[in-house]
Amino acid sequence: MEKFAKPGEFCPNEACADYGKLQSSQQQNLQKFGKTRKGVQRYRCKTCWKTFTKTYGTIFYGKRTPEHEILETLALLAEGNRISTLSRVKGHKEDTILAWLRQAAQHAEQLEDVLMATFKVKRGQLDALWAYVQNKGEKKLP
Ligand SMILES: [Zn+2]
């Protein structure tokens with residue numbers, strides 16, 4: 001099995017020149033950058049200047065679909081798009097999207113920062129999204 005990179009050991013921004021490079025004595029593009037209100041370590045990449053939390057880049061580690069694509073799909077869900085619509089438009093199976101959503105909900109605190117900062121999702125929309133997962137579809141997305 002491949003060794004899993006630990007949180008904060010690489011830049012998760014795919015557009016970054018130092019994307020995925022593990023930190024070492026020669027490779028030091030990441031710096032600690034405060035903590036979220038929930039106390040999750042935040043990092044900043046000195047190459048692309050993007051900030052991200054400890055778990056960003058690891059939750060979906062090993063998935064075939066790029067993290068950005070998964071997060072964007074989640075953001076569109078939070079904005080009220082139906083899973084069936086997103087499945088059609090983005091070409092992912094509904095089951096796959098649901099699986100991402102369930103995994104994301106387990107890491108809700110860490111993902112909120114990214115979804116709000118990068119994808120401009122509002123807190124209320126996120127709360128509704130997590131509530132939707134908890135109710136396993138009993139409640140409809142707004
Ligand atoms: Zn970077």
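Indexing begins at 1, ligand by ligand and atom by atom, following the structure's order. All of these numbers come straight from a predicted model, not from anything done at the bench.
Under 2.8 Å from the Zn ion (ligand 1), one finds the following protein N/O/S atoms: Cys11 SG, Cys16 SG, Cys45 SG, Cys48 SG.
Note on Lys122 versus Glu79: no salt bridge recorded, every NZ/NE/NH1/NH2 to OD/OE distance being 4.0 Å or above.
Heavy atoms of other residues, nucleotides or ligands lying less than 6.0 angstrom from NZ of Lys50 number 12 at most.
In summary, of the residues considered (Ile97, Asn81, Ile83), a side chain to side chain contact (heavy atoms under 4.5 Å, CB included) with Thr73 occurs for Ile97 alone. With respect to Asp18, the side chain to side chain contact (heavy atoms under 4.5 Å, CB included) criterion is satisfied by exactly one of Asn29, Leu30, Asn13: Asn29.
Side-chain contact of Trp130 with Glu112: a donor-acceptor pair under 3.5 Å is present, judged by distance alone.
Counting heavy atoms from C-beta outward, His92 and Leu86 have side chains that stay 4.5 Å or more apart.
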